[in-house]
Amino acid sequence: MNLFGRGENLPEETIAVIGLGRFGSAVAESLTRLGHEVLAIDERPEIVQRASETLTHVVQADSTESAVLVQLGIGEFDHVVVAIGTDIEASVLTVLACEEAGVREIWAKAINAKHGQILHRTGAHHVVYPEWAMGERVAHLVSGRMLDFIEFDDGFAIVKTKAPTEAIGKTLGESRLRSKYGVTVVGVKQPGEDFTYATPDTVVSEGDTLIVSGATTKVEAFASTT
């Protein structure tokens with residue numbers, strides 16, 4: 001069974017989200033807004049009923065049973081997001097069931113590093129730590145001078161911060177921020193204007209906001225100067 005009707009009218013990519021807590025519901029609703037066909041799955045009838053008010057395809061099912069997922073055609077989906085968090089056993093068994101059903105790409109939510117290791121070994125291709133990532137982001141915003149902060153797995157980060165005093169009135173080429181701090185200014189925004197891509201000839205004015213990328217430690221050090 002496949003709710004999207006496999007054939008010529010099949011969307012380019014199909015996505016299933018398993019587990020409709022706060023995280024899973026947010027993922028499913030965001031994917032739907034982006035125009036994707038989403039199948040949402042949860043075993044709790046009250047959650048399924050509530051989700052059906054905002055999502056088109058919602059199914060009540062036990063995702064830990066591979067036979068159930070096979071019946072739903074889960075192996076035909078391009079991506080499956082296992083958004084079960086607090087019930088670690090159900091999370092792991094669901095990832096295993098997805099792997100057994102032949103899912104090509106499994107994304108799974110983990111609540112800690114050990115949980116993430118188990119998910120990887122069970123068959124998850126990508127593991128995300130939403131609580132940790134948000135905690136890290138808030139810590140940077142509270143303790144530093146960053147306006148926004150995103151860190152990637154390989155120690156690379158992108159931050160939004162105010163322009164440092166030393167760069168004001170100069171072009172980026174003249175201020176030599178890249179050579180001094182080891183970061184790259186990729187965008188500049190003047191108050192009331194849209195962001196523009198940065199070039200060596202971009203002049204930085206007082207009150208400008210910068211989008212800066214680079215190694216996490218280096219962008220942190222740069223942001224502390226602003």
Side-chain angles (χ1 to χ4, degrees), residues 15 17 21-36 79 81 83 85-86 105 107-117 119-120 124-226:
I15 305 169
V17 177
R22 288 191 298 270
F23 175 71
S25 295
V27 170
E29 291 171 7
S30 295
L31 287 169
T32 300
R33 285 197 300 271
L34 290 171
H36 296 287
H79 313 278
V81 179
T86 54
E105 187 173 64
W107 292 75
K109 171 188 175 181
I111 60 175
N112 54 47
K114 180 63 69 176
H115 184 195
Q117 290 174 1
L119 292 173
H120 271 302
H125 304 97
H126 309 277
V127 175
V128 295
Y129 303 84
E131 284 85 1
W132 180 89
M134 182 55 68
E136 181 80 1
R137 182 182 181 190
V138 171
H140 279 85
L141 300 184
V142 170
S143 63
R145 299 184 181 181
M146 301 179 193
L147 303 176
D148 207 347
F149 173 88
I150 301 174
E151 185 176 22
F152 300 89
D153 291 340
D154 55 359
F156 183 87
I158 297 177
V159 304
K160 179 167 72 172
T161 187
K162 292 296 184 182
T165 302
E166 65 184 279
I168 294 174
K170 302 177 183 177
T171 67
L172 290 173
E174 292 170 340
S175 61
R176 298 174 59 85
L177 297 178
R178 182 170 186 172
S179 60
K180 183 174 182 180
Y181 295 99
V183 300
T184 301
V185 178
V186 296
V188 178
K189 182 182 186 302
Q190 295 183 349
E193 302 293 333
D194 295 330
F195 272 104
T196 59
Y197 288 109
T199 70
D201 296 325
T202 298
V203 177
V204 178
S205 302
E206 186 172 0
D208 281 359
T209 299
L210 307 183
I211 298 295
V212 182
S213 66
T216 301
T217 54
K218 292 184 177 181
V219 295
E220 288 173 339
F222 174 78
S224 68
T225 69
T226 64

I need the [X] [atom1] to [Y] [atom2] distance, nearest 0.5 Å.
X: Glu174; Y: Asp201; atom1: CD; atom2: CG; value: 9.0 Å
X: Leu119; Y: His125; atom1: CG; atom2: NE2; value: 12.5 Å
X: Thr216; Y: Ile150; atom1: OG1; atom2: CD1; value: 11.5 Å
X: Ile15; Y: Glu105; atom1: CD1; atom2: CD; value: 9.5 Å
X: Thr226; Y: Leu147; atom1: OG1; atom2: CG; value: 7.5 Å
X: Trp132; Y: Asn112; atom1: CH2; atom2: CG; value: 13.5 Å

Counting C-beta onward and ignoring hydrogens, is there a side-chain heavy-atom pair between [X] and [Y] closer than 4.5 Å?
X: Thr209; Y: Lys162; value: yes
X: Lys109; Y: Glu131; value: yes
X: Ile158; Y: Phe152; value: yes

Ring pair (Phe, Tyr, Trp, His ring centres under 6.0 Å): which pairs involve residues 190-226, sequence neighbours left out?
->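 Residue pairs with at least one partner in residues 190-226: Tyr181-Phe222.
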
Heavy atoms only: give me the nearest [X]-[Y] pair and the separation to one decimal.
X: Pro191; Y: Gly207; result: CG-O, 3.6 Å
X: Ala223; Y: Met146; result: CB-CG, 3.7 Å
X: Ala163; Y: Val204; result: CB-CG1, 3.5 Å
X: Ile168; Y: Glu206; result: CG2-N, 3.6 Å
X: Val17; Y: Gly24; result: CG1-O, 3.6 Å
X: Gly192; Y: Lys189; result: N-NZ, 4.0 Å

How far apart are the C-alpha atoms of Leu210 and Lys160, what are their side-chain angles, what is the distance that settles it, and do they pass the side-chain contact (heavy atoms from CB on, under 4.5 Å) test?
-> CA-CA 6 Å; Leu210 307 183; Lys160 179 167 72 172; over 6 Å; no

Heavy-atom count around Lys218 NZ within 6.0 Å, excluding the residue itself: above 12?
->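 Atom NZ in Lys218 is not crowded, with 12 or fewer foreign heavy atoms closer than 6.0 Å.
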
Taking side chain to side chain donor-acceptor pair (under 3.5 Å) as the test, write out the residues that go with Lys180, two or more places apart.
->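 Per chain and number, Lys180 pairs via side chain to side chain donor-acceptor pair (under 3.5 Å) with Glu166.
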
Please test Trp107 against Val27 for side-chain contact (heavy atoms from CB on, under 4.5 Å), starting from the C-alpha separation and ending with a verdict.
-> CA-CA 11 Å; Trp107 292 75; Val27 170; over 6 Å; no

